[in-house]
Structures are given as C-alpha cells and as structure tokens.
There are 2 protein chains.
Amino acid sequence: MAEYNVASLSKLIEQFERLPGIGHKSAARLAYHMLSMPEGEAEKFSNSIIEARRNIRRCSVCCNMTDKEICSICSDETRDKSLIFVVEDFRDVMAFEKAETFNASYHVLNGVISPINSVTPDMLTIKQLLSRLDGGTVKEVVMATNATVEGEATAMYISKLIKPLGIKVSRLAYGIPVGGNLIYADEITLARAVRGRSEI
Amino acid sequence: MAEYNVASLSKLIEQFERLPGIGHKSAARLAYHMLSMPEGEAEKFSNSIIEARRNIRRCSVCCNMTDKEICSICSDETRDKSLIFVVEDFRDVMAFEKAETFNASYHVLNGVISPINSVTPDMLTIKQLLSRLDGGTVKEVVMATNATVEGEATAMYISKLIKPLGIKVSRLAYGIPVGGNLIYADEITLARAVRGRSEI
C-alpha cells in the first residue's frame, strides 16, 4: 500500500497539532479549512501571525503585550496608579477590562511559578513589579493570579516580598461563581464560599 | 476607560476565531501561544500555511488533495481501480487508509449537497466521478459519505446517477461502533444495527 502522504499537508497538520488543545483530528480539520479558504484569506491569516510577532512587545511598565513602548492602560492618565492587579497573562487583563471596571493598573507576570514546568520566579516579571512599588504611589496590590495550585503559590511568594514594603496585598475572593449551581461546585469551593460569607 | 486594545493582537485573535470550532477564549489562548513561541517557530507555522496553499491541488483523477498532478493513490499500480470509495473530504481518505486496507481507490467529493449551506450538486466533483465510470474498469462504487442527513442525501443522489450505468453501488453498514456500549447508542442506530444483523 502506497501511503497517502502529501508533504506540505502533513506539515501543516503537524503545525496545527503543536498548538495547545489541538489534537490530530482538529488539526486535520483546521488544515482542511485553511486549504478551502478563499485565496487571500489564508494569506491574511498567515500574515497576521508574522505581523503580531513583529509588532507586539512587552509594555515597559506593566509587561503586558502592547504595540507601543508603554501600553494604553499604563499611559492612561485617568487610571488609578495606586491600585495594581497582578495577573498571569494578557488574557486576564482582557477579562478584567470586560468586567466591572475598577480603573486599576495591571502587572502581567507572564506566567506562574511552576517547578514542574521549570518556571522559576526570576523568569516572571516580579523584579519589574517590585521596582514599580518603589516610588510610593502604589497603595494596594491585588494578587489576581488563577485559583490553581500554581497561581496560589505564586501569589503567596510575591505577597511575601511585598508585605515588608508596607503596601497592602490582597487576594481575589473565592466562592460560588455568579449564576453557578451549588450542586456543581466542588467541596473546596463550597467551603471557601462559606468561610468568606458576608452578612446581608 | 481607555480600552485595552493592541491592533495586531486583536487581529491575530480574530483570525484564529474564524477557524471552525475555535471560540474567543481558545483564539486568545492560541494567539498567546503564538506570541510565546520561540522566534523561528511562529514563522514556521505561518510558512506552512502559505506553502500548503501553494503546493496542494486536486488530483486530476480522484480530486483528493495532492502535491502532484495525480495523487500517490491514483498513480499506484497495485491499487484496485475497480472499487471506488466515494468520500466527502481528504480526512475520510486518511481514515480509510489507517483502517484495514481494502486497496481501493477513492473519489473525493469535496463536500456534501447541502441546501442550507447553498452547496449544490454541481459544486461537488460528481461530474468527475461519473466520467471515471465510463471506461468500464469500475465494478463497484461504495458511498462512504458521513452518516449525517446531508451525507445520506448526497449518497442517495449520486447512487441514482450511477445505477443506470449498471455499476454496483453500495453504502457503508450502520451499526454499533466497535467497542461501543449499547446504552450509549441512540435508538436509530440500534434499530439499524438490528436490521443489519448477521448470523454467527
């Protein structure tokens, strides 16, 4: 049996397969889609990757992704520079920006401390965060890392570095998601929701 | 509030969002991944799209994707040219090639008839299929379209065109998937499995 094998097709599928959360079947579907697109569209897709890689860098203040030296949030005069949300990556910034606005500033860690993935604290933007806390402008740092073991550990690690500076450090509340059904909540979340209960 | 908006990042996310089965959150995750990749990798990804678009065309016999004039299956002398599996797209060919080999030839329709998506019979490669049946080489055509309403209708449509030519037309068997659990099978599949039962 001569195997069905088209080099540039296999290569395209392979490239898609390397993306997170894309298995072999999805990769084949995406490759097929890419080949069925109108002529200019696939090129546009391809170019948007190259362009993004070329234009996007880290904001020199908050380390978020930006196409300028200082991102639009950091250069916004009306933002509260005394309140910093420390997040893992740019998607978290997007999430907060979509939620009720706190008009806060951000600091993007660019990951979490994770011994299993060999991510050490010096690979994150912790040094940049600490240098932002120097001037006396910042009054509170909200650790807004994910509620995972690694997010938690990273929040703890950083808060231990900040507390001696006399700056308030807080953590997002744990609890039942709004609209969430109690029977689907895990025990730990439920217990946290009870412990964090407030009078009504 | 100045919105957080980086043009080339939004554009990249938007491009990923246009892919089938990729929602906004996945698109953001993929874009993030693309920006975090080592330098050459993103470029490789981008190039593989352009390259595939440039190299891949339709086999002039079976209409499958290939980088040659005639694909490796059609140009394989040892293949049984009297047996054609009619499939929807190249992924189906890959699936059959991975399964028990029937050493058959294929014909790729490049879709299914679908009024809802404005796909009419003349947009598929039915004409090419019929012209392959001219020479008298082909003894049997297996309609191997998906077991969906559209795949079914397409199989019916094509078989009506082929039968008058005196060529045998068959359809894949319906039934319980191997390894499948009866309690998870829907009623229609179950009924088909019963009707298609064979003596043991």
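Note that the structure is predicted; figures quoted are calculated from it, not measured. All chains are named by letter (A, B, ...) in the order of the sequence lines, taking the proteins before the strands, and each is independently numbered beginning at 1.
The existence of a salt bridge linking A:R53 and B:E43 is excluded, since no basic side-chain nitrogen approaches an acidic carboxylate oxygen closer than 4.0 Å.
The hydrophobic clustering, which links ILVMFWY residues whose side-chain heavy atoms are closer than 4.5 Å, places A:M156 and A:L161 apart. Residues B:M143 and B:I167 share a single hydrophobic cluster, defined by chaining ILVMFWY side chains whose heavy atoms lie under 4.5 Å apart. B:V108 and B:L83 end up in the same hydrophobic cluster when Ile, Leu, Val, Met, Phe, Trp and Tyr side chains are linked at under 4.5 Å. Both A:L19 and A:M37 sit in one connected hydrophobic cluster of ILVMFWY residues. Membership requires side-chain heavy atoms under 4.5 Å apart, directly or through other members. When hydrophobic clusters are built by joining Ile, Leu, Val, Met, Phe, Trp and Tyr residues whose side-chain heavy atoms come closer than 4.5 Å, directly or via intermediates, A:L165 is grouped together with A:L109.
Note: B:F45 and A:F16 have perpendicular aromatic rings, judged against thresholds of 30 and 60 degrees for the angle between ring planes.
The greatest number of non-hydrogen atom pairs below 4.5 Å with chain A, out of B:L35, B:N110, B:N55, is found for B:L35. Among B:A42, B:P20, B:S48, the residue with the largest count of heavy-atom pairs under 4.5 Å with chain A is B:P20. If you tally non-hydrogen atom pairs under 4.5 Å between each of A:K11, A:K44, A:R29 and chain B, the highest count goes to A:R29. Interface summary for chain A: among B:E14, B:E51, B:K25, B:R54, the most heavy-atom pairs under 4.5 angstrom belong to B:E51.
Atom NE2 of A:H24 sits about 4.0 Å away from atom CE of B:M94, to the nearest 0.5 Å. Atoms CE and CD1, on B:M34 and A:I49 in that order, are 4.5 Å from each other to the nearest 0.5 Å. Interatomic distance, B:S8 OG to A:D67 CG, rounded to the nearest 0.5 Å: 5.0 Å. Taking OG1 of A:T66 as the reference point, atom CG of B:L9 lies at 9.5 Å (rounded to 0.5 Å). Note: A:I50 CD1 to B:N47 CG = 6.0 Å, rounded to the nearest 0.5 Å. Note that CZ of B:R91 is 9.5 Å distant from CD1 of A:I13, once rounded to the nearest 0.5 Å.
Smallest separation of non-hydrogen atoms from A:L12 and B:A52: CD2-CB, 3.8 Å.
Residue A:A7 touches chain B through both its backbone and its side chain, counting heavy-atom pairs closer than 4.5 Å. The contact between A:R18 and chain B is made by backbone and side chain atoms together, counting heavy-atom distances below 4.5 Å. Heavy atoms closer than 4.5 Å to chain B are found in the side chain of A:L30, but not in its backbone.
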